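Numbering of residues begins at 1 and proceeds along the displayed sequence. Just so we're clear, the structure is a prediction, and the values are computed from it rather than from any experiment.
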Amino acid sequence: MRRVPRIAIVGGGVGGLATALALERRGAEIVVCEQSPALNEIGAGLNLSPNALMALRVLGVEDQVIALGCESDFLVIRSWKSGRIISRMRRGAFRQQFGAPNLTVHRADLLDVLCGALKTVTLRFGARCIAVEQCDRGGVARFADGSEIEADIIVGADGIHSVVRKTLFGPDAPRFTGCICWRGMAATSTVPRDIDVAEGTMWMGPHGHVVHYPVRRGELINIVAHFDSDSWTEESWTRECDVSELTTTYAGWHPDLLRLYPYSARWYKWALYDRDPVARWSKGRVTLLGDSAHAMLPYLGQGAAMALEDACVLSAAVRHCSHMSGPGCHVRGQLCWDRVSGPAKTILPRRGRGSNATSNSRFVSASVVTRQCFRLRGSMAMMSGANCDDAKLPTMSSRKRLGFRTIQVCPKDLADASGPS
């Protein structure tokens, strides 16, 4: 008779809770250790492309997430100065094209759904991991309060500042990208009706762009602003700032955008850093997933999707090797996980930067869209003087030439990850 594996997950974010749910469905004994005192709304909006919805389908929670999210027919790209529509990327047909929609959600809503679906998982809040160690029987996670947890497998899902990754492979060397980001959340009911916030929108301009889209059934508008500047270099998601920073930074941009900013009660800012992918994701009985393994820049909106896919693939690897016997079966499961995820180790993060890497079977990136967006930003920067006339910019008829169309696909291999063993 096979022994049920005991698995400790460090981190209770999207990747951690999704992994807990995927492994619980395999019958594993799971404990999730999260350093925050409770699940909270930090992180605001998320984009979930069809591959993310396919992973949520595998986890059995797709319908619940769709009910709390928002589907828009188009992603609209507008001129920073005139507000003229430059491009409209149709997303309403994604269900027919890819078998799942594109959804925008509030991070807290996604966490609530994942957490609510757990039945036997133990959740420990206020548990700040300070180190992990290997032992003969598996791994040990140690915490700031002096407690420790021993498990057959330790999963580091503790995000971009991962303690588990640092313990396994040493400190990373993040590079400042020269970009500052701000984020806010506005109640849709308070925004004047003449400001169009119904569709996902990207305002492209000199040295920056601003994205806003509806979440929580359209009740809230998530706003994220990016700007090239080295005036702020702190990498924190919780640093509050005043709205005047945005109105000053984007002075001269379209009035509708400037009018939208004050409808967010709070604004947060952070400096954007880039990291090289780690060469390995596992060592002994300890492994990584999500941002702790392959942190991405936000330009493709794939961070949450990749964490959800990771959860499904790791679960499938554990299931595959749970049918084996002997002391090395869990290690072989992690080796299987490494082989499946291997192609993503270097391709995924580079694509988030807009590189020209080639595709693999798990996903096809929209890196061409990223490159074209930044070229468009550059064009606007060159024409940002007093006599700027954005009529010279590409029109909607140029969409095919610009390549503004999605090439994301859903990983068909996730079908093998569904259901209990």
Hits for salt bridge (charged side-chain N to carboxylate O under 4.0 Å, His left out) against Asp242, two or more places apart or cross-chain, chain-then-number order -> none

In this structure, OG1 of Thr233 is separated from CD1 of Ile180 (nearest 0.5 Å) by 8.5 Å

Do Arg78 and Asp196 pass the side-chain contact (heavy atoms from CB on, under 4.5 Å) test, and can you show the C-alpha distance, the side-chain angles, and the key distance before you say yes or no? CA-CA 11 Å; Arg78 292 183 177 272; Asp196 186 3; 3.5 Å; yes

CG of Leu75 to CE of Met89, rounded to nearest 0.5 Å, is 4.5 Å

Should we count CZ of Arg217 as having more than 12 external heavy atoms under 6.0 Å? yes

**Request:** Check whether the ring centres of His294 and Trp281 lie less than 6.0 Å apart, and answer yes or no.
**Result:** yes

Hits for side-chain hydrogen bond (donor to acceptor under 3.5 Å, both in side chains) against Thr249, two or more places apart or cross-chain, chain-then-number order -> none

Closest non-hydrogen contact found for Gly200 with Ser72 is N-OG, 3.7 Å

request  = Could you give me the CA-CA distance, side-chain angles and deciding distance for Glu219 and Ser189, then say whether side chain to side chain donor-acceptor pair (under 3.5 Å) is met?
outcome  = CA-CA 7 Å; Glu219 298 168 10; Ser189 60; over 6 Å; no

With side-chain contact (heavy atoms from CB on, under 4.5 Å) as the criterion, how do Ile223 and Trp267 come out once you've worked through the C-alpha distance, each side chain's angles and the decisive distance to 0.1 Å? CA-CA 9 Å; Ile223 312 166; Trp267 281 96; 3.7 Å; yes

Point to revise | Ring-ring centroid check Trp203 His254, cutoff 6.0 Å | key: yes

So NZ of Lys166 and OG of Ser292: to nearest 0.5 Å the spacing works out to 15.0 Å

Applying side-chain hydrogen bond (donor to acceptor under 3.5 Å, both in side chains) to Glu71 and not counting sequence neighbours gives Arg95

Taking 4.0 angstrom as the limit, do Asp73 and Arg88 come out as a salt bridge?
no

Does any part of the side chain of Leu23, heavy atoms only, come nearer than 4.5 Å to the side chain of Val318, both counted from C-beta? yes

Contacts of Trp232 meeting ring pair (Phe, Tyr, Trp, His ring centres under 6.0 Å) (sequence neighbours excluded), chain-then-number -> none

Closest non-hydrogen contact found for Cys241 with Glu245 is CB-OE2, 3.5 Å

Residue pair Phe98, Asn51: steps toward the side-chain contact (heavy atoms from CB on, under 4.5 Å) verdict: CA-CA 8 Å; Phe98 306 122; Asn51 52 323; over 6 Å; no

The reported gap from CG in Leu308 to OG1 in Thr19 (rounded to nearest 0.5 angstrom) is 8.5 Å

**OP:** Could you check if a side-chain atom of Leu110 sits within less than 4.5 angstrom of a side-chain atom of Leu56, using non-hydrogen atoms only?
**Re:** yes

Contacts of Glu199 meeting salt bridge (charged side-chain N to carboxylate O under 4.0 Å, His left out) (sequence neighbours excluded), chain-then-number -> none

Practice item. Go through the steps for Asp109 and Arg216 under the test side-chain contact (heavy atoms from CB on, under 4.5 Å), then give the verdict. Key: CA-CA 8 Å; Asp109 294 339; Arg216 192 168 287 172; 3.0 Å; yes

Yes or no on side chain to side chain donor-acceptor pair (under 3.5 Å) for Arg25 and Ser315, after CA distance, side-chain angles and deciding distance?
CA-CA 9 Å; Arg25 289 164 63 87; Ser315 171; over 6 Å; no

Distance col, row Leu123:CG vs Leu17:CG, nearest 0.5 angstrom, shows 7.0 Å

Q. Is the backbone N or O of Thr104 less than 3.5 Å from a side-chain atom of Asn47, with the two atoms forming a donor-acceptor pair by type?
A. no

Residue set satisfying side chain to side chain contact (heavy atoms under 4.5 Å, CB included) with Leu272, at least two apart, ordered chain then number -> Thr177, Cys179, Cys181, Trp270, Leu297, Pro298, Tyr299

Ring pair (Phe, Tyr, Trp, His ring centres under 6.0 Å) pairs touching residues 148-198, sequence neighbours excluded, are Phe176-Tyr273

A side-chain contact here means heavy atoms from C-beta on lying under 4.5 Å apart; do Ile77 and Ile85 qualify?
no

Note to self: Using modelled atom types and a 3.5 Å cut-off, is there a donor and acceptor pairing between side-chain atoms of Arg239 and backbone atoms of Lys269?
What the structure shows: no

For Arg84 and Ser79, which I'm curious about, is there any donor-acceptor pair between the side chains at under 3.5 Å? no

Is a side-chain donor or acceptor of Asp158 paired with a backbone partner of Gly11 at a separation under 3.5 angstrom?
no

With the side chain counted from C-beta on, respond yes when Leu53 and Ile66 share a heavy-atom pair under 4.5 Å apart, and no when they do not. yes

Report task. Look at the aromatic rings of Tyr261 and Tyr250 and report parallel, tilted or perpendicular, splitting at 30° and 60°. Result -> tilted

Residue set satisfying salt bridge (charged side-chain N to carboxylate O under 4.0 Å, His left out) with Arg259, at least two apart, ordered chain then number -> Asp194, Asp256

Using only atom types and a distance under 3.5 Å, with no angle test, would you say the side chain of Asn222 pairs donor to acceptor with the backbone of Gly45? yes

For residues 110-129, the salt bridge (charged side-chain N to carboxylate O under 4.0 Å, His left out) pairs (sequence neighbours left out) are Arg124-Asp145

Salt-bridge contact Arg165-Asp172 (side-chain N to carboxylate O under 4.0 Å): yes

Sorted by chain and number, sequence neighbours left out, salt bridge (charged side-chain N to carboxylate O under 4.0 Å, His left out) with Glu24 holds for none

Return a table of donor-acceptor pairs under 3.5 angstrom between the side chains of residues 28-37 and protein atoms on other chains or two or more places apart.
unit_1, atom_1, unit_2, atom_2, d
Glu29, OE2, Arg6, NE, 3.0
Glu34, OE1, Gly12, N, 2.7
Glu34, OE2, Ser36, N, 3.0
Glu34, OE2, Ser36, OG, 2.9

Between Arg280 and Ser282, is there a donor-acceptor pair closer than 3.5 Å when you use the side chain of the first and the backbone of the second? yes

Next on the checklist: When you compare the side chain of His212 with that of Leu260, does any pair of heavy atoms fall below 4.5 Å?
Outcome noted: yes

Closest heavy-atom pair, Gly15 versus Ala157, reported as atoms and distance to 0.1 Å, is C-CB, 4.3 Å

Output for pair (Leu103 CG, Leu68 CG), nearest 0.5 Å, gives 9.0 Å

With sequence neighbours left out, the residues meeting side chain to side chain contact (heavy atoms under 4.5 Å, CB included) with Arg142 are Ile130, Glu133, Val140, Glu148

